[in-house]
Amino acid sequence: MSEYDLILAGGGLANGLIAYRLAQRRPDLRVLLLEGAERLGGNHTWSFHDGDLSAAEHGWLDPFVEHRWTDYDVRFPRRRRTVSTGYNSATSERFRDVLGRVMGPSLRLGTPVVELNETSVTLADQTVLRARAVIDGRGQRRSAHLDLGFQKFLGQEWEFERPHGIARPVVMDATVPQSDGYRFVYVLPFSPTRLLVEDTYYADGEALETERLRGALRAYAQAAGWGEGRLLREEHGILPIALGGDIDALVEEARGVPTVGLARALFHPTTGYSLPDAVHVADLVAGAPDLSSPALSRLLASHARNIWNDRAFFRTLNRLLFLAGPSEERYRVLEHFYRLPDPLVARFYAARLDFGDKIRIFAGRPPVSVRSALRVLSQRGRSTAPTHQKESA
């Protein structure tokens with residue numbers, strides 16, 4: 001007889017939200033959440049737009065959300081605007097607090113899983129735990145079946161001695177010098193004197209030069225005139241940006257093990273945001289009538305395939321962003337996009353574009369040369385070896 005109805009291997013965002021949603025909707029189940037580290041959720045800030053989630057999803061996710069704003073800014077060399085769409089952020093600290101209270105003894109920290117299959121996990125001390133099903137949520141893994149670019153960033157949270165004057169998030173400030181691909185600075189005002197500032201790059205390579213990025217952030221803060229402050233924490237990461245791949249082969253790699261999160265390409269292909277997909281999957285699992293391993297494997301594989309096929313347009317856009325022009329000119333793709341009205345921008349971030357939206361995104365004067373665009377669009381991806389990605393933001 002199985003010890004558990006469900007074992008969740010990995011305590012990151014995807015499995016953590018599944019565990020929380022099951023505790024809400026099906027508290028009778030025997031669920032075990034295993035995390036190899038000594039704390040849940042790492043060191044991250046996860047953000048999302050109001051339109052990314054349904055009203056019901058906003059409702060149950062609410063305890064995890066620490067910061068909310070009614071609109072946000074974007075800045076480009078030839079375009080600046082405020083987008084009247086709500087924006088939200090959750091933090092690792094809040095994630096740990098909420099989930100720890102709900103899970104209690106059903107959460108085990110410092111318990112790495114070294115091997116798993118559809119119905120059992122083997123721990124580092126060779127203990128074997130069994131369940132009707134195991135869900136693998138241990139993050140992105142190296143795969144020959146995903147063609148990825150990189151969104152890499154270094155973020156610092158500061159408490160300044162005087163008000164910084166930032167009224168709303170700056171989701172993209174691309175007025176900064178362009179280097180190492182499309183570069184922008186991301187700013188979240190957590191209080192009148194507290195800011196999270198991230199230097200971000202859509203880049204071909206995955207190397208993260210932390211000292212160089214720290215210097216760039218110091219220069220940005222100095223130019224902004226924020227004055228003296230105290231560094232509270234630092235976070236960094238490398239988000240996957242999907243350019244192409246083979247979703248069927250990716251699914252087959254799991255050998256029937258129900259799999260969620262970045263390992264199933266469940267992230268926005270262009271932004272790398274993973275929270276909305278994690279929320280959708282948590283509801284999908286919590287509402288499944290059959291939580292046996294075969295049924296969950298079929299359900300989650302079908303969901304991943306449907307999502308991948310629905311988002312082909314975004315991978316095309318990404319190839320233009322990464323491949324259709326010199327690195328210092330790549331910002332023009334996003335600058336061109338942000339000429340569009342707020343509702344279309346919201347549908348873009350929610351990955352729910354209709355045919356007319358897609359036509360409008362590419363309408364007007366092209367932001368890259370027509371020859372380069374045609375060359376890129378004739379390709380399904382590029383031949384690069386994808387590497388390990390770290391889940392974040």
Parallel, tilted or perpendicular: which one describes the rings of His44 and Trp46, with boundaries at 30° and 60°? tilted

Lys/Arg-Asp/Glu bridge criterion (N-O < 4.0 Å) met for Arg230, Glu161: no

Does any donor atom in the side chain of Ser89 or Ser47 lie under 3.5 Å from an acceptor atom in the other side chain? yes

Note: Arg21-Asp283 ion pair, threshold 4.0 Å (strictly below): yes

Decide yes or no for Val185 and Val197: does some side-chain heavy atom of the first lie under 4.5 Å from some side-chain heavy atom of the second? yes

With Arg315 as the cation and Trp308 as the aromatic partner, state whether NZ or CZ is under 6.0 Å from the six-membered ring centre and within 45° of the axis. yes

Is any side-chain N of the basic residue among Asp342 and Arg81 closer than 4.0 Å to the acidic one's carboxylate O? yes

Testing Asn43, Thr45, Thr91 one by one against Glu235 for a side-chain hydrogen bond (donor to acceptor under 3.5 Å, both in side chains), which residue passes? Thr45

Looking only at the side chains, is there a donor atom on one of Gln178 and Tyr331 sitting less than 3.5 Å from an acceptor on the other? no

Can you tell me if Arg255 has over 12 outside heavy atoms packed within less than 6.0 Å of its CZ? no

In terms of the angle between their ring planes, are Phe348 and His268 parallel, tilted or perpendicular, with boundaries placed at 30° and 60°? tilted

Quick one: does Leu344's side chain get under 4.5 Å of Ile361's, heavy atoms only? yes

Using distance alone, with no hydrogens and no angle criterion, decide if Thr270 and Asn318 have a side-chain donor and acceptor under 3.5 Å apart. yes

Is it true that Tyr273 and Asp52 share a donor-acceptor pair across their side chains at a distance under 3.5 Å? no

Aromatic plane relationship, His49 with Tyr72 - under 30° parallel, 30 to 60° tilted, over 60° perpendicular: perpendicular

Under a 4.5 Å cut-off applied to non-hydrogen side-chain atoms, are Thr127 and Thr122 in contact? no

Side chains of Val345 and Phe337: closer than 4.5 Å at any heavy-atom pair? yes

Is it true that Asp354 and Arg360 make a salt bridge, defined as a side-chain N closer than 4.0 Å to a carboxylate O? no

Does some side-chain heavy atom of Leu33 sit less than 4.5 Å from a side-chain heavy atom of Leu99? yes

Is it the case that the side chain of Arg141 and the backbone of Gly139 share a donor-acceptor pair, with hydrogens and angles ignored and the cut-off at 3.5 Å? yes

No-hydrogen, no-angle side-chain donor-acceptor test under 3.5 Å, Asn88 and Trp69: no

Kindly assign one of parallel, tilted or perpendicular to the pair Tyr20 and Phe64, based on the angle between their ring planes and the thresholds 30° and 60°. perpendicular

Side-chain contact test, heavy atoms from C-beta onward, threshold under 4.5 Å: evaluate it for Asn15 versus Ile135 and give yes or no. yes

Would you please classify the geometry between the Phe76 ring and the Tyr182 ring as parallel, tilted or perpendicular, with 30° and 60° separating the classes? parallel

Checking side-chain polar atoms at under 3.5 Å, does Ser274 have a donor or acceptor matched by the opposite partner on Asp277? no

Heavy-atom donor-acceptor pair, Asp136 side chain to Arg138 backbone, under 3.5 Å: yes

Is a donor from one side chain sitting under 3.5 angstrom from an acceptor on the other, for Thr85 and Asp50? no

Can you check whether Leu208 reaches Tyr201 side chain to side chain, under 4.5 Å on heavy atoms? no

Does any donor atom in the side chain of Glu35 or Thr111 lie under 3.5 Å from an acceptor atom in the other side chain? no

